[in-house]
Q: 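My questions all concern the structure below.
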Amino acid sequence: MTQPASPEATAPAAPLWQDGWYRFARRLDSPNFGARPAGACIDLVVVHSISLPPGRLGGDEVQRLFTNTLDWDAHPYFQSIRGLQVSSHFYIRRGGELWQFVSCDARAWHAGASEWRGRSNCNDDSVGIELEGLEGDPFEPAQYEALGALCAAIAQHYPIAHIAGHEHVAPGRKQDPGPGFDWQRLQRELGWPQQCFP
Ligand SMILES: [Zn+2]
């Protein structure tokens, strides 16, 4: 005897990833991206911190920066970054809210001059995740939860073997996320082996 299938059983589940876009992120397209090099092996996650101006939390300046809509005259600090065209794949707010600006299949502009695991130009083959916060300061439990879940989801879809901070891939030039970021906590959250971490 055949049971009639319920609509829930027959409807295909929405995929976690579609063209490099993560189902559980709020999407806001950035124009700041390019193609990855042919054959790029996306095996690295780069963790950053950001707040604009530095130390101010809760505004929409980061989303504006990544979409080239920041008012450069709105704060004296913005003079120092006027015209900057950058992006990251993801942005995690203090409460854990997740945004995505660039498809992970594409190359976001977050790491700059960088080198890790013997390869340079980390933008070519990494996924960039920005945490809302000031480098050196602590981050929120909700951010670790969101970051852990996101990294696990990324690793389901891409051959991630390494995770490092911007400070590790661009030493001397960058200090984020800094000493306030708890790498051991992230490692516990993910359960990945020590050699994946900086
Ligand atoms: Zn950074």
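The residues of the chain are indexed from 1 along the displayed sequence. Atom set for the values below is all heavy atoms of this structure, side chains included, hydrogens, waters and symmetry mates excluded. From a predicted model like this one, the values you see are computed outputs, not experimental measurements. Atoms within each ligand, like the ligands themselves, are counted from 1 in listed order.
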Q: Can you check whether Val127 reaches Val46 side chain to side chain, under 4.5 Å on heavy atoms?
A: no

Q: What residues, two or more places apart in sequence or in another chain, satisfy ring pair (Phe, Tyr, Trp, His ring centres under 6.0 Å) together with His166?
A: His48

Q: In this structure, which one of Arg93, Glu97, Arg94 forms a side-chain hydrogen bond (donor to acceptor under 3.5 Å, both in side chains) with Gln143?
A: Arg94

Q: What angle sits at the Zn ion (ligand 1) between OD2 of Asp176 and ND1 of His48, to 10°?
A: 100°

Q: Backbone or side chain, does His166 get an N/O/S atom under 2.8 Å to the Zn ion (ligand 1)?
A: yes

Q: Counting backbone and side-chain atoms alike, does Glu167 have an N/O/S atom under 2.8 Å from the Zn ion (ligand 1)?
A: no

Q: Just say parallel, tilted or perpendicular for the rings of Phe66 and Phe101, cut-offs at 30° and 60°.
A: perpendicular

